[in-house]
Amino acid sequence: ILPIYILTQKDYNKGSTAQGLFVDFARNLPNASTYKLCAVLFEIGNHVAVHDCSNMYFQKEYCQKSLLGCWEMLRKLVYTGGICIMGRFTLPRDLYHGTGSLETLKTLTGKKAIVVVGGGSMKRFGFLDRAEQYLKEAGMEVQLFEGVEPDPSVETVMKGAEAMRAFEPDWIVAMGGGSPIDAAKAMWAFYEYPEISFEDLITPFSFPELRQKAKFAAIPTTSGTATEVTAFSVITNYQTGVKYPLADFNITPDVAIVDPDLVAGLPVKQVAYTGMDALTHAIEAYVSTLNGPFTDPLALQAIEMVLDYLPGSYKCDMVAREQMHYAQCLAGMAFSNALLGIVHSMAHKTGAAFSTGHIPHGCANAIYLPYVIKYNAKDAVAAKRYAEIARRMGLAGTSEQALINSLVEKIDEFNVRLNIPKTLKDFGINEEEFKEKVDKIAELAVGDACTGSNPRAIDPAAMAKLLTCTYYGTEVDF
């Protein structure tokens with residue numbers, strides 16, 4: 001009979017994982033063929049789980065041979081409701097929405113505000129000048145940090161943090177697509193804690209306590225990433241070609257301003273990619289191992305709205321575009337608290353991996369989503385959740401498998417309508433380079449922060465097979 005096993009936040013911050021520590025624990029057990037597990041208590045990020053395992057047994061030999069042995073048993077218990085989880089649901093304190101809501105910047109109180117933006121679109125359309133004027137009307141001195149690139153780099157983050165330390169703002173206002181807001185979140189940490197390193201922040205839920213010097217307002221100008229309401233940021237290390245998702249409730253913005261005026265001029269390709277990103281967020285949140293009663297309604301409503309309004313938004317219907325702006329925000333509320341899955345793991349690790357060209361994040365998600373649904377649906381609980389989505393959306397099917405097929409077909413149909421390729425090969429990734437890199441990419445994707453909440457476990461070999469399916473368009477039969 002085993003004692004209670006504990007994984008603490010301290011272990012996690014040191015770079016340990018629950019899976020790794022549990023397997024190490026199993027390796028050190030005295031010799032015996034079978035062990036009885038009496039209880040498990042583990043804490044990961046902001047989730048605490050406990051389970052009475054008095055009727056559960058596991059084989060030591062299986063644990064030693066496979067990382068998926070004992071850990072997978074416990075993981076399934078979480079997913080099927082066998083473990084009671086004490087969760088956390090976090091959103092920005094204030095969310096302002098509707099046409100003209102950008103003017104809310106006038107109500108912020110402080111002395112200095114730095115505005116972090118990307119390219120010139122907000123300046124060309126006059127929104128940047130308007131935001132700057134509103135902040136000045138609030139009595140603040142304003143400084144701009146411009147030129148954040150798509151998929152922001154570690155170098156840009158460090159430059160922005162240095163500018164913040166020189167200016168000493170008490171408000172950070174990030175305005176743009178996912179990239180400027182994501183970059184500003186990371187800058188915020190380095191502004192308040194200059195001594196930390198980027199490596200310190202890679203471990204999920206390891207950020208120091210923020211808001212020591214500044215608060216954060218986020219204003220999205222695309223309809224997909226929802227980073228204005230999430231605890232996440234994605235920063236790219238271009239030296240290695242790897243995207244790092246940073247995760248901590250500390251970086252959930254204090255204020256979100258969701259103004260549809262700012263997305264009226266979006267190029268249709270961006271509408272397509274960001275819209276499919278939003279759909280992926282909502283679907284992955286609904287089937288995540290950490291789904292729950294607070295996130296499920298948000299995820300389902302977001303899916304329904306994307307299916308209803310994305311085609312119209314793509315055709316420049318401004319009513320539909322406004323609704324898409326709200327749909328992506330709802331999806332963000334869901335996934336920020338329920339987390340994501342391996343569609344995002346794959347997108348994070350392939351986005352900047354190939355010399356033939358960067359794969360836009362939303363485009364990568366759209367390509368991978370149908371294949372991942374087929375992979376995950378071989379898990380009974382995940383299959384039930386996918387079928388629930390299809391049933392709620394009114395898709396055809398009298399059996400669970402038929403409903404899942406209809407969901408996959410609907411996503412494929414959307415990709416065709418939005419001119420998104422079906423495979424990585426169609427996107428233009430070089431075949432020889434893909435073959436050369438796929439095993440390493442698979443290893444990195446399995447280690448991505450999003451993999452842990454995927455409903456079906458995956459190892460590097462299976463991930464490589466799945467990526468190969470997405471390259472050639474072959475059936476997922478494993």
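FYI, side chains are in, hydrogens and waters are out, and symmetry mates aren't considered; it's all heavy atoms of this structure. Nothing here was measured: the structure is a model prediction, and the numbers come from that model.
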A.B. asks: How are the rings of Phe125 and Phe127 set to each other: parallel, tilted or perpendicular (split at 30° and 60°)?
C.D. replies: tilted
A.B. asks: Is the closest side-chain heavy-atom distance between Phe478 and Leu466 below 4.5 Å?
C.D. replies: yes
A.B. asks: Verify whether one side chain among His361 and Asp151 offers a donor that lies under 3.5 Å from an acceptor in the other.
C.D. replies: no
A.B. asks: In terms of the angle between their ring planes, are Phe294 and Phe89 parallel, tilted or perpendicular, with boundaries placed at 30° and 60°?
C.D. replies: tilted
A.B. asks: Is there a donor-acceptor contact under 3.5 Å linking the side chains of Thr107 and Tyr96?
C.D. replies: no
A.B. asks: One pair to check against side-chain contact (heavy atoms from CB on, under 4.5 Å): Glu132 and Val115. What are the steps and the verdict?
C.D. replies: CA-CA 8 Å; Glu132 190 174 0; Val115 181; 5.8 Å; no
A.B. asks: Under a 3.5 Å cutoff, is there a donor and acceptor pairing between the side chains of Asn419 and Tyr314?
C.D. replies: yes
A.B. asks: Quick one: are Lys349 and Met463 in side-chain contact, heavy atoms under 4.5 Å?
C.D. replies: no
A.B. asks: Among Ile172, Asn250, Val116, which residue satisfies the side chain to side chain contact (heavy atoms under 4.5 Å, CB included) criterion with Trp188?
C.D. replies: Ile172
A.B. asks: Both conditions, 6.0 Å and 45 degrees, for the charged tip of Arg321 above the ring of Tyr309: are they met here?
C.D. replies: no
A.B. asks: So, His97 and His325: side-chain donor and acceptor under 3.5 Å apart, yes or no?
C.D. replies: no
A.B. asks: If only side-chain N and O atoms count, and only distance matters, is there a donor-acceptor pair under 3.5 Å linking Asp129 with Gln133?
C.D. replies: no
A.B. asks: Would you check if there is a donor-acceptor pair between the side chains of Gln328 and Thr225 at a distance under 3.5 Å?
C.D. replies: no
A.B. asks: Report yes or no: do Asp182 and Thr227 form a side-chain donor-acceptor pair below 3.5 Å?
C.D. replies: yes
A.B. asks: Could you tell me whether the side chains of Arg88 and Asn337 share a donor-acceptor contact shorter than 3.5 Å?
C.D. replies: no
A.B. asks: List the steps, then state whether ring-ring contact (aromatic ring centres under 6.0 Å, His included) holds for Phe167 with Phe145.
C.D. replies: CA-CA 11 Å; Phe167 183 58; Phe145 184 88; over 10 Å; no
A.B. asks: Assess, by modelled atom type and distance only, whether the side chains of Tyr286 and Glu388 contain a donor and an acceptor separated by less than 3.5 Å.
C.D. replies: yes
A.B. asks: Do the side-chain N and O atoms of Tyr386 and Glu400 include a donor-acceptor pair separated by under 3.5 angstrom?
C.D. replies: no
A.B. asks: Decide, yes or no, whether a salt bridge links Lys215 with Asp170 under the criterion of side-chain N to carboxylate O below 4.0 Å.
C.D. replies: no
A.B. asks: Is a donor from one side chain sitting under 3.5 angstrom from an acceptor on the other, for Ser153 and Thr236?
C.D. replies: no
A.B. asks: Do Glu149 and Thr156 have side-chain N/O donor and acceptor atoms under 3.5 Å apart?
C.D. replies: yes
A.B. asks: Between Glu228 and Cys329, is there a donor-acceptor pair closer than 3.5 Å when you use the side chain of the first and the backbone of the second?
C.D. replies: no
A.B. asks: Is there a donor-acceptor contact under 3.5 Å linking the side chains of Asn291 and Ser288?
C.D. replies: no
